Protein chains: 2
Amino acid sequence: MGMTQKADRDQIRRQNRSVVLQALRRNGPQARIDLGRITRLSPATVTSITSDLISEGLVAGVEDDCQREREKGARGRPRSLLALHGPAARVLAVKLSVNTIEMALADYAGRLVGRDVAGFDSTSVTADGFSEILIDSLRAFIARTGGVAPSFIALASQGVVDDSAGTVAWSPAFAVRHVQIVGPLARAFGVPCLLSNDTNMIAEALHRSDPQRYGGTFAVLFVDYGVGMGLFINDRLFVGETGAAAEIGHANHIPGGALCRCGRRGCLEAYLGDYALLRHARGLDLQTPPACLPVGRETIRELIAAARAGDPGTLEAFHAGGTALGYAFARVIATLDPRRIVVTGAAADAYPLMEAAALTALEEGLVSDLRGSVEIEAIAWEEDLILRGTVARALHALDTEVFSETGYGNQREMLGG
Amino acid sequence: MGMTQKADRDQIRRQNRSVVLQALRRNGPQARIDLGRITRLSPATVTSITSDLISEGLVAGVEDDCQREREKGARGRPRSLLALHGPAARVLAVKLSVNTIEMALADYAGRLVGRDVAGFDSTSVTADGFSEILIDSLRAFIARTGGVAPSFIALASQGVVDDSAGTVAWSPAFAVRHVQIVGPLARAFGVPCLLSNDTNMIAEALHRSDPQRYGGTFAVLFVDYGVGMGLFINDRLFVGETGAAAEIGHANHIPGGALCRCGRRGCLEAYLGDYALLRHARGLDLQTPPACLPVGRETIRELIAAARAGDPGTLEAFHAGGTALGYAFARVIATLDPRRIVVTGAAADAYPLMEAAALTALEEGLVSDLRGSVEIEAIAWEEDLILRGTVARALHALDTEVFSETGYGNQREMLGG
DNA sequence: CAACTTTTTTTCGGACGTCGAAAAAAATAA
DNA sequence: TTATTTTTTTCGACGTCCGAAAAAAAGTTG
């Protein structure tokens with residue numbers, strides 16, 4: 001607690017195994033000599049570690065491209081490429097949202113083995129009962145994709161997640177609170193199980209896709225039907241003490257301001273959520289209850305179209321949303337001094353409509369000396385980003401926590417190596 | 001970048017040396033057997049490491065209390081206590097504020113060797129010129145306290161610090177910006193040099209005083225003439241990408257709100273700073289320029305006295321300040337989900353006057369599900385906390401970064417062992 | 001086509017750090 | 001003086017990394 005832990009011999013090997021696995025995951029198939037350059041381990045050590053990993057079935061040689069890649073006239077012994085061995089393990093990634101369980105299965109090499117969607121009734125499930133529905137859906141999905149048991153399960157859910165309890169504390173996906181997830185799943189499948197906020201998984205996906213650009217300390221603002229935030233701090237996903245960090249949607253923007261879905265006044269979401277934009281666009285009072293507004297999947301797209309067509313009320317709504325967004329930038333920067341802020345989500349396509357107001361608000365909300373050299377960037381929203389991030393996180397957990405453990409040899413057959 | 005680093009043998013020894021040094025620093029003089037229990041290292045390893053440290057002059061045996069401590073009737077070979085050896089090194093801690101350079105010198109065992117205050121003219125120093133004044137003051141101070149050169153210098157400054165540049169970007173302590181500190185000092189004294197925000201050093205002091213209580217992720221809100229924040233994330237001081245994290249004083253509280261010293265409207269400080277409280281207590285308009293208000297060292301104390309005497313305007317000012325504080329709590333909790341928030345500073349004595357408003361605001365500003373199990377605590381302000389934290393940080397840096405390096409034997413004489 | 005060059009991979013021996021077990025040391029108790 | 005207890009040190013074993021040398025696997029050259 002607080003003090004650095006002691007180190008011992010085993011730890012060295014664990015860490016270096018993990019470093020080699022991560023190097024292969026990040027850079028694709030590599031020759032041993034290049035693994036040495038990437039990891040700064042000596043060639044001798046690379047040979048030692050990779051021969052362990054090969055005999056454990058986690059890594060395998062690639063015969064395929066060996067000669068094709070070779071430049072003409074290259075002399076010397078040709079490099080033999082090593083790659084993560086797909087069949088070594090499978091990971092199951094799950095995304096929970098309203099009425100929907102989205103599932104993806106990937107092998108250890110990161111190839112997608114299958115994906116599917118199951119439905120459930122968000123309004124009727126109970127806190128204890130949902131896990132059975134979930135387990136059944138996952139079992140059926142696994143059976144359909146070959147019946148190979150996963151080695152790791154990672155889940156992403158809308159709403160507020162309680163890390164230590166392994167529950168969804170509060171979410172639009174469930175009418176009830178404290179929905180049990182991790183415990184029942186880990187028992188049912190007998191494998192490690194990780195539950196996260198969905199927006200965090202966007203940050204994870206970005207980080208894995210380009211660790212240089214999306215690294216250090218950066219924030220993702222997810223502007224969609226609601227507003228979420230994903231946070232990387234010092235190159236690691238940050239979830240806070242209970243897993244509820246980065247819940248900026250219901251952080252206050254203006255004390256006593258617009259009425260929010262959560263019943264409070266002035267939340268950021270009450271200016272940026274789908275219902276908030278619609279409410280403003282229609283010229284309704286800011287205290288109009290969100291439940292009175294007809295929002296759906298199409299809402300945001302329709303609003304963007306209306307604004308592009310020049311509808312003044314809708315433009316004004318995006319302007320107000322942009323102002324709220326800009327103050328959110330200012331507060332995040334003042335608190336965390338990040339390297340980058342990424343805006344995405346269904347409403348990210350509308351960022352050009354909000355940008356001017358957002359930058360003005362940022363200037364009004366933060367002394368310029370504090371703005372550091374932060375870059376603000378809107379990226380087009382892809383629905384798959386969340387599930388991709390969840391897969392990436394599961395694979396990373398295998399690399400660093402499961403397969404870093406030395407002596408995985410016996411389990412090879414079980415996993416289908 | 002992003003990927004975990006490789007580990008090797010040297011690193012093990014470095015880490016374990018550092019773990020032993022930290023165990024001695026945190027728990028005071030210890031026998032080898034107890035060091036083994038604390039660090040989870042084997043007795044054999046403890047002997048090996050401590051004998052190195054002793055021969056390098058970093059640790060020394062304590063003959064003194066050996067027998068006094070012994071319980072009557074205790075059998076067996078008596079434990080021989082080891083302690084950090086004071087003369088092994090000295091650290092210099094410096095606090096920069098308006099017109100004032102506060103200095104403290106401590107030995108490696110953490111004992112205060114001397115302290116002093118020097119003055120300078122905040123309004124007239126230049127960005128490049130201040131370092132000379134600083135170096136002269138420090139040289140004179142070192143000469144007065146025995147002339148032993150320090151092994152490490154840590155500085156804390158009011159305002160915004162730029163970590164990578166080693167400058168004070170912007171501060172009430174200087175009329176100019178980007179005041180050079182680290183570079184000139186490191187060159188002049190030839191030792192490592194660390195510059196921090198002063199509020200961060202409060203967090204550091206609390207963490208070192210009780211790592212259990214002030215650990216994990218926690219925030220310190222420093223309410224004084226202005227408002228600052230210090231942040232610990234995952235047991236480590238967090239300063240952001242450029243060192244400007246946790247600058248909550250000029251984060252926006254209410255868009256377009258009260259006029260702040262920085263020229264913007266609605267900053268948290270414009271409701272909680274000394275001038276803000278005074279402005280409100282006197283019933284002045286919120287747009288009254290802060291420069292028009294006669295604030296000084298006594299202001300806060302006088303306001304507290306007036307409020308305790310029942311002055312309605314002053315009570316109302318603290319109420320408004322409390323509301324701003326409560327919204328600040330809400331925003332920090334929503335962003336970081338900390339274990340604890342500590343309120344301190346000259347205005348901390350007034351926390352009872354603000355608490356009711358703060359808790360109401362917290363409730364209005366944050367869904368209860370997000371409140372987690374955060375504890376909010378006001379602690380009485382001690383002026384020395386900042387300098388104590390700066391000393392602690394310097395010593396910790398020696399333990400983990402300088403003396404963890406194996407083979408310090410040759411330098412012993414230089415350092416005065 | 002055999003000898004040489006180049007590059008990658010493996011093997012070997014040395015160094016070093018941790019650990020468990022045994023020995024040594026330093027006290028009290030009998 | 002001898003036994004007991006507790007702490008500290010010593011010793012040998014084991015594991016890991018590394019540098020150097022050897023082996024392997026190609027292309028190049030005469």
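Labels below follow one simple rule: chain letters A, B, ... track the order of the sequence lines, proteins then strands, and each chain is numbered from 1. Keep in mind that this is a model prediction, so the values were computed, not measured.
No donor-acceptor distance shorter than 3.5 angstrom exists from the side chain of A/Lys6 to the backbone of B/Leu41, with no hydrogens or angles considered.
Close to C/dC19, at under 4.0 Å from its OP1 or OP2, lies a side-chain N or O of A/Lys6. OP1 or OP2 of C/dT10 lies within a sub-4.0 Å distance of a side-chain N or O belonging to A/Thr47. Within the structure, a side-chain polar atom (N or O) of A/Ser80 is placed less than 4.0 Å from OP1 or OP2 of C/dT9. For D/dC17, one of the phosphate oxygens OP1 or OP2 lies less than 4.0 angstrom from a side-chain nitrogen or oxygen of A/Arg13. Residue B/Arg75 places no side-chain N or O under 4.0 Å from the OP1 or OP2 atom of D/dT7.
Taking atom CD1 of residue B/Ile33 and atom P of nucleotide D/dT5, one finds them 16 Å apart after rounding to whole Å. Spacing between atom CZ of B/Arg79 and atom C1' of C/dA27 amounts to 13 Å, rounded to whole angstrom units. Rounded to a whole Å, the CD atom of A/Gln11 is 13 Å from the P atom of D/dT16. Spacing between atom CG of B/Leu82 and atom P of D/dT7 amounts to 14 Å, rounded to whole angstrom units. One interatomic measurement links the two molecules: CZ of A/Arg14 to P of D/dG15, which rounds to 15 Å at whole-angstrom precision. Whole-Å rounding puts the B/Arg32 CZ to C/dA26 P distance at 12 Å. Atoms CG (A/Asp10) and C1' (D/dA13) sit 15 Å apart, rounded to a whole Å. Between A/Gln5 atom CD and C/dT18 atom C1' there is a gap of 16 Å when expressed in whole angstrom units.
Among C/dG20, C/dA26, D/dC17, the nucleotide with an atom closest to any side-chain atom of A/Asn16 is D/dC17. Of the candidates D/dC18, D/dC14, D/dT5, D/dC18 carries the atom nearest the A/Thr45 side chain, counting heavy atoms from C-beta on. Ranking D/dA25, C/dA24, D/dG19 by closeness to the B/Arg77 side chain, first place goes to C/dA24.
Ring centroids of A/Tyr214 and A/His207 are separated by 6.0 Å or more, keeping the two rings apart.
Ion pairing of B/Arg17 with B/Glu56 is present here, as a side-chain N (NZ or NE/NH1/NH2) and a carboxylate O approach within less than 4.0 Å. Ion pairing between B/Asp34 and B/Arg37 holds under the 4.0 Å rule for side-chain N and carboxylate O.
The 5' end of DNA chain D is approached more closely, in terms of each residue's nearest nucleotide, by A/Arg9 than by the other of A/Arg9 and A/Ala44. Along DNA chain C, the nucleotide nearest to A/Asp8 and the one nearest to A/Arg37 differ in position, and the one closer to the 5' end is contacted by A/Arg37.
Between the CG atom of B/Leu395 and the CG atom of B/Asp107 there is a distance of 8.5 Å, given to the nearest 0.5 Å.
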